[in-house]
Protein chains: 4
Amino acid sequence: MGNDEQSETHAEIMEATYRALCEHGYASLTMQNIADELEKSKGLLHYHFDSKEELLIAFIDYLLSEFEQDIASIEGPPDKKLDEFIERFVVVADAGDRQALHLALLELRAQSPFNDRFREHLARSDTIVRDTVAEIVRDGITQGVFRADAEPEVVAQLVLASMDGARTRGLTIGDETYPAAVSEALNKYVIDDILVKTNE
Amino acid sequence: MGNDEQSETHAEIMEATYRALCEHGYASLTMQNIADELEKSKGLLHYHFDSKEELLIAFIDYLLSEFEQDIASIEGPPDKKLDEFIERFVVVADAGDRQALHLALLELRAQSPFNDRFREHLARSDTIVRDTVAEIVRDGITQGVFRADAEPEVVAQLVLASMDGARTRGLTIGDETYPAAVSEALNKYVIDDILVKTNE
Amino acid sequence: MGNDEQSETHAEIMEATYRALCEHGYASLTMQNIADELEKSKGLLHYHFDSKEELLIAFIDYLLSEFEQDIASIEGPPDKKLDEFIERFVVVADAGDRQALHLALLELRAQSPFNDRFREHLARSDTIVRDTVAEIVRDGITQGVFRADAEPEVVAQLVLASMDGARTRGLTIGDETYPAAVSEALNKYVIDDILVKTNE
Amino acid sequence: MGNDEQSETHAEIMEATYRALCEHGYASLTMQNIADELEKSKGLLHYHFDSKEELLIAFIDYLLSEFEQDIASIEGPPDKKLDEFIERFVVVADAGDRQALHLALLELRAQSPFNDRFREHLARSDTIVRDTVAEIVRDGITQGVFRADAEPEVVAQLVLASMDGARTRGLTIGDETYPAAVSEALNKYVIDDILVKTNE
DNA sequence: GATGAATGAGTGTTCATTCAT
DNA sequence: AATGAATGAACACTCATTCAT
């Protein structure tokens with residue numbers, strides 16, 4: 001059976017933390033909030049995690065591994081993968097839920113300058129995601145769908161930054177169309193530029 | 001303009017709040033922190049503001065008006081103004097301080113989904129800033145330095161989003177070069193595209 | 001005015017701590033107990049002391065300084081002073097109160113192996129008290145009331161140890177006559193031995 | 001005698017309790033501490049004892065019976081037995097361990113004013129030990145090694161009190177030589193006095 | 001016998017807020 | 001305007017105890 005036992009309650013706590021974080025926000029998140037979402041006692045949380053910080057570190061890892069799995073599952077030719085990647089970052093469909101996920105991440109990020117461990121765990125994932133995008137661009141160049149002078153690392157940074165910022169600003173003004181609008185702009189002003197035009 | 005009496009202590013409290021926020025972060029910000037920075041008592045804060053929230057709302061306005069004044073002070077031809085705008089957003093020189101300002105803003109933004117008043121005040125400013133950038137682009141088109149098919153609103157959104165995201169990701173991984181790198185990418189992949197090429 | 005301000009509330013907290021300690025014992029002593037005795041809120045205790053430990057350290061100092069003042073006030077010729085010292089240690093009269101004081105001290109002592117700061121503060125006082133007793137014996141030898149071969153330090157140790165132990169055992173079996181009995185034994189088997197016999 | 005089944009696990013729990021008590025002290029002693037020392041689960045402790053208090057009562061009995069057996073095993077002529085008794089109370093050799101035992105006892109004693117059952121169990125033992133010492137003195141008088149005017153009960157009280165107090169003060173100031181010093185003083189100022197001098 | 005999950009009451013501590021001065 | 005004392009609710013965390021397995 002292995003040590004998959006970590007899964008049962010551990011996973012439920014992570015999900016409860018997710019819901020609690022979405023509902024109350026990081027600054028107001030309490031162990032009681034999480035316990036309420038879990039419909040278990042506060043004590044149980046401390047039975048499984050030494051402290052709130054420990055629980056949140058575990059939560060960061062949970063959140064990021066979910067996210068990493070998600071983007072790793074993207075298939076297809078490089079240009080389609082890049083589109084799909086942006087699409088998933090933006091999320092038109094299940095707006096509510098994934099928006100909440102990115103908000104949760106944003107809040108944790110906003111805390112990272114004050115918490116070394118948060119920063120370390122978040123940074124690791126940031127690098128992975130950026131490398132993934134850069135790799136897509138690199139594959140695209142190799143396969144001839146992206147122009148040879150496109151810089152994979154730079155494009156990756158710009159794509160990620162603009163999508164991140166779009167979400168942040170979307171949250172700020174409560175305008176859910178913001179990410180989609182930036183996604184379009186990104187396609188028009190950036191992606192289009194690096195695409196090899198077949199008939200021009 | 002208005003009751004200038006507001007100026008003296010009020011301004012000092014805003015500055016103290018700024019320092020306290022930079023040092024402790026939103027989630028750990030206490031009235032005592034602010035009072036300590038002010039070198040006055042906690043009670044005084046409540047004499048001037050009915051509650052912590054009220055003080056923070058006032059702080060958002062203070063922060064944004066500072067920011068709005070800053071970008072309003074940019075002079076020169078549209079393409080230079082856009083460069084300068086990005087430059088100030090990025091800040092190469094006084095990294096420490098302005099970085100802190102943007103972090104403070106980010107934290108407040110991360111809270112806005114949980115606080116209607118935060119959101120309203122932040123949204124107002126967001127719109128102003130975006131309109132300012134769009135106006136610069138519009139002027140640039142009129143003056144013939146930007147291509148006629150550039151969309152002012154869309155470019156403004158993309159510029160702001162990518163700069164915002166760059167800072168956020170810079171904070172996440174504690175990499176101060178991130179915003180500068182994205183700034184360059186922005187110039188190369190976006191601004192360059194909409195510039196009217198004089199001799200080509 | 002001076003910094004005697006420490007006196008007002010500080011003293012009341014010390015007294016409340018004393019009463020709470022007597023009533024509940026160290027192991028069950030809570031900040032709430034102390035607050036209840038003080039008839040003030042728990043928060044106030046933390047306004048005056050950073051932590052429970054800090055409060056207890058202050059309490060040790062308070063207790064010991066009271067005690068040191070008490071024994072320093074003993075007057076008269078050396079042999080009478082020694083008697084009076086033992087008498088006060090034993091206390092026949094106001095049994096209840098002083099017994100409680102010594103119990104409080106005993107509890108704190110029992111904790112000292114687990115708390116460096118407790119130990120340091122208690123040790124300082126222990127030394128002072130022992131030196132005081134030794135000094136009495138030394139004076140007695142000089143003045144010819146104690147035999148020249150009496151060892152001041154050794155006698156002081158024996159006197160203090162037996163009185164301390166008497167109280168401890170008195171507490172153990174709830175027998176209030178124990179200290180008095182040991183006091184007598186001490187006089188008969190120790191003090192008598194070192195007294196210079198005038199006509200024998 | 002009785003249900004010998006008690007022996008196996010029961011004894012192991014007692015020993016674990018002893019170690020846990022030595023390491024953490026009474027005030028910080030938890031069922032988890034004991035379970036850790038036992039290398040078994042907390043639940044098991046409650047299987048064997050209805051409550052923590054019940055376990056501690058059993059522990060007092062265990063501790064005292066060990067102690068009583070120890071002093072009962074002393075052999076030889078009365079004056080040697082008295083010396084040996086003091087020696088064992090003091091313990092020069094295995095300082096660490098027996099010191100811990102007496103500390104454990106002291107802590108439990110310090111609790112006895114707040115716990116009737118503790119007090120009763122401790123008092124019973126106190127009486128037994130005191131009677132044992134008094135009996136030694138009485139035997140000594142009968143056998144002519146102690147002076148006829150020595151009062152067995154009084155001497156026993158004084159010996160026990162001073163040794164107890166010596167240990168307490170030794171713990172207080174972290175001075176391990178204290179008990180030995182008092183032991184010497186006891187011999188010189190008390191035991192010597194009641195010894196029948198053969199050539200004088 | 002023995003465990004691990006789970007609970008709930010209680011702990012020290014924090015903090016926005018109030019108020020007399 | 002300004003303070004320091006004081007409060008009360010809430011917080012993270014602890015722990016003896018229970019119970020299904």
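In this text, all values refer to a predicted model and were calculated from it rather than measured experimentally. Chain letters run A, B, ... following the sequence lines, proteins first, then strands; residues in each count from 1.
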Tell me every residue that passes side chain to side chain donor-acceptor pair (under 3.5 Å) with A:Glu53, counting only those two or more places apart in sequence or in another chain. A:Asn115
NE2 of B:His10 versus C1' of F:dA2: gap in Å, rounded? 18 Å
Sugar-phosphate atoms are those with a prime plus P, OP1 and OP2; base atoms are the rest. Using that split, label each nucleotide of nucleotides 13-21 of chain E B, S or - for protein heavy atoms under 4.0 Å, 5' to 3'. BBSBBB---
Could you tell me how far apart A:Tyr47 (OH) and E:dG8 (C1') are, to the nearest whole angstrom? 17 Å
Please, which pairs that meet side chain to side chain donor-acceptor pair (under 3.5 Å) have at least one residue in residues 20-30 of chain C, sequence neighbours excluded? C:Thr30-C:Asn33
What residues form a side-chain contact (heavy atoms from CB on, under 4.5 Å) with A:Ala35, not counting sequence neighbours? A:Gln32, A:Lys42, A:Leu45
Side chain to side chain donor-acceptor pair (under 3.5 Å) partners of B:His46, counting only residues at least two apart: none
Round to a whole Å and report the spacing from NZ of D:Lys40 to P of E:dA2. 5 Å
Sequence neighbours left out, what passes salt bridge (Lys or Arg N to Asp or Glu O under 4.0 Å) with D:Glu54? Give chain and number order. D:Arg117
Atom CG of C:Asp36 and atom C1' of F:dT7: how far apart are they, to the nearest Å? 14 Å
For A:Phe114, enumerate each residue passing the side-chain contact (heavy atoms from CB on, under 4.5 Å) test, keeping only those at least two apart in sequence or located in another chain. A:Gln111, B:Leu103, B:Glu107
What integer distance in Å separates A:Leu38:CG from E:dA5:C1'? 12 Å
Does the side chain of D:Ser41 get closer than 4.0 angstrom to OP1 or OP2 of E:dG1 through an N or O atom? no
To the nearest angstrom, the OH-C1' distance between C:Tyr26 and E:dG12 comes to 13 Å
Expected list for residues 104-118 of chain A near DNA chain F, using heavy atoms below 4.0 Å, is none
Does a side-chain N-to-carboxylate-O contact under 4.0 Å join B:Asp61 and B:Arg124? yes
Using the rule given for side-chain contact (heavy atoms from CB on, under 4.5 Å), can you reason through B:Leu122 versus A:Ile173, listing the C-alpha separation, both sets of side-chain angles and the distance that settles it, and then say yes or no? CA-CA 7 Å; B:Leu122 286 166; A:Ile173 48 179; over 6 Å; no
Consecutive-pair stems (at least three Watson-Crick or G-U pairs, under 3.5 Å) that include DNA chain E: E:2-21 with F:2-21
Given E:dA5, is OP1 or OP2 found less than 4.0 Å from the side-chain N or O atoms of A:His48? no
Given atom CZ of B:Phe49 and atom C1' of F:dA2, what is their separation to the nearest angstrom? 15 Å
Quick one: ring pair (Phe, Tyr, Trp, His ring centres under 6.0 Å) partners of A:Phe118, sequence neighbours excluded? none
In chain order, what residues pass the side chain to side chain donor-acceptor pair (under 3.5 Å) check against A:Asp50, with sequence neighbours excluded? none
Who are the side chain to side chain donor-acceptor pair (under 3.5 Å) partners of B:Ser112, not counting sequence neighbours? none
Rounded to whole angstroms, how far apart are NE2 on D:His24 and P on F:dC15? 10 Å
